[in-house]
Amino acid sequence: MLDLVKTETSSAERYDLYGVIHRGLRKAEMELLSRLGAVDPSDGAAVAAVISDFHRLLVLARHHVVDENEYVHTALEARKPGASAGLAEDHAGHEASFVEMERMVARLEAAPASRRKPIVRALYHRTSDFVAHDFAHMLEEETVIQPLLQDLFTDEELRAIEGRIVASIPLPVMLDFTKIMIQAIDPQARLEMLSGMMAEMPAEAFHAVLGYSVKPVLTGAEWDWLDAGLRQSR
Ligand SMILES: [Fe+2]
């Protein structure tokens with residue numbers, strides 16, 4: 001059995017490629033699943049709202065898989081051939097899940113109110129299966145692959161890999177990614193992430209991030225603390 005405390009202690013000082021985005025994805029997946037479990041199938045507006053958020057999360061989940069394949073696995077293979085084979089297999093399984101869940105969502109969208117109940121139930125179960133697999137997969141990435149990456153790459157190199165991923169993401173998708181991450185991480189981690197973004201992004205884009213992805217999802221006190229910190233780091 002993996003000693004998680006030992007793993008965390010030895011990798012805590014190093015650059016963390018997965019921690020923040022995985023927290024965001026876990027929270028978003030858990031919330032979507034619990035909303036699906038509680039939605040009233042006869043309430044058209046409520047079902048439409050869950051479907052809309054389902055599509056948004058699928059966009060993020062797909063980007064995440066494709067970006068890991070393209071930027072992380074490619075780098076890993078260059079230094080340790082074969083090291084990403086298991087992850088690639090998981091990612092192919094994720095893509096199959098996305099296609100299947102999309103088909104079910106399309107059936108739900110097209111169904112009259114009287115036929116929605118079994119489709120919602122089936123989608124709930126299919127989503128729970130995806131979430132279970134994704135949680136196991138993300139844990140492996142953070143506790144097995146991350147120490148391997150830290151052995152093979154310097155923190156500067158890991159930071160550069162993440163920089164290439166961030167630069168490849170279109171702004172509207174980045175806004176949604178930031179929104180799920182901000183809600184899932186502690187105040188200090190929020191300040192660190194946003195200070196980094198403030199230094200890298202054009203002022204207008206950073207302003208959009210604060211207005212769309214940050215301020216609306218925090219309490220007044222959380223926002224005030226963060227805003228004061230950002231002003232100091234300017
Ligand atoms: Fe992954």
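Looking at residues two or more places apart in sequence or on another chain, you find a ring-ring contact (aromatic ring centres under 6.0 Å, His included) between Tyr18 and His22. Residues meeting the side chain to side chain contact (heavy atoms under 4.5 Å, CB included) test with Ser52, sequence neighbours left out: none.
Lys27 has a carboxylate O that lies under 4.0 Å from a charged side-chain N of Glu31, or vice versa, which qualifies the two as a salt bridge. At a threshold of 4.0 Å, the pair Arg126-Asp129 counts as salt-bridged, since one of the basic side-chain nitrogens sits closer than that to a carboxylate oxygen. Residues Glu157 and Arg79 are paired through a salt bridge, judged by an N-O separation under 4.0 Å between the basic side chain and the carboxylate. A salt bridge does not link Glu222 with Lys215: none of the charged nitrogens is closer than 4.0 Å to a carboxylate oxygen. Residues Arg164 and Glu70 are not paired through a salt bridge, judged by the lack of any N-O separation under 4.0 Å between the basic side chain and the carboxylate. Of the charged side-chain nitrogens involved, at least one lies within less than 4.0 Å of a carboxylate oxygen, so that Arg159 and Glu156 count as a salt-bridged pair.
In summary, the side chains of Glu77 and His73 do not present any donor paired with an acceptor at a separation below 3.5 Å, with no hydrogens or angles considered. A donor-acceptor pair shorter than 3.5 Å can be found between the side chains of Glu68 and His64. Counted by atom type alone, Glu162 and Tyr15 present one or more donor-acceptor pairs between their side chains at under 3.5 Å. For His94 and Asp134, the side-chain atoms include at least one donor-acceptor pair closer than 3.5 Å.
Put simply, the side chain of Met197 reaches to within 4.5 Å of the side chain of Thr178, judged on heavy atoms. Side-chain atoms of Ser233 and Met198, non-hydrogen and from C-beta on, do get closer than 4.5 Å to each other. Residues Leu226 and Trp223 meet the side-chain proximity criterion, which asks for heavy atoms closer than 4.5 Å.
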Query raised in the report: So His137 and Glu141, side chain to side chain donor-acceptor pair (under 3.5 Å) or not? Walk me through it.
Result: CA-CA 6 Å; His137 168 77; Glu141 285 178 329; 2.9 Å; yes
Query - Working for side chain to side chain contact (heavy atoms under 4.5 Å, CB included), residues Val105 and Leu58 - result: CA-CA 11 Å; Val105 169; Leu58 279 175; 5.5 Å; no
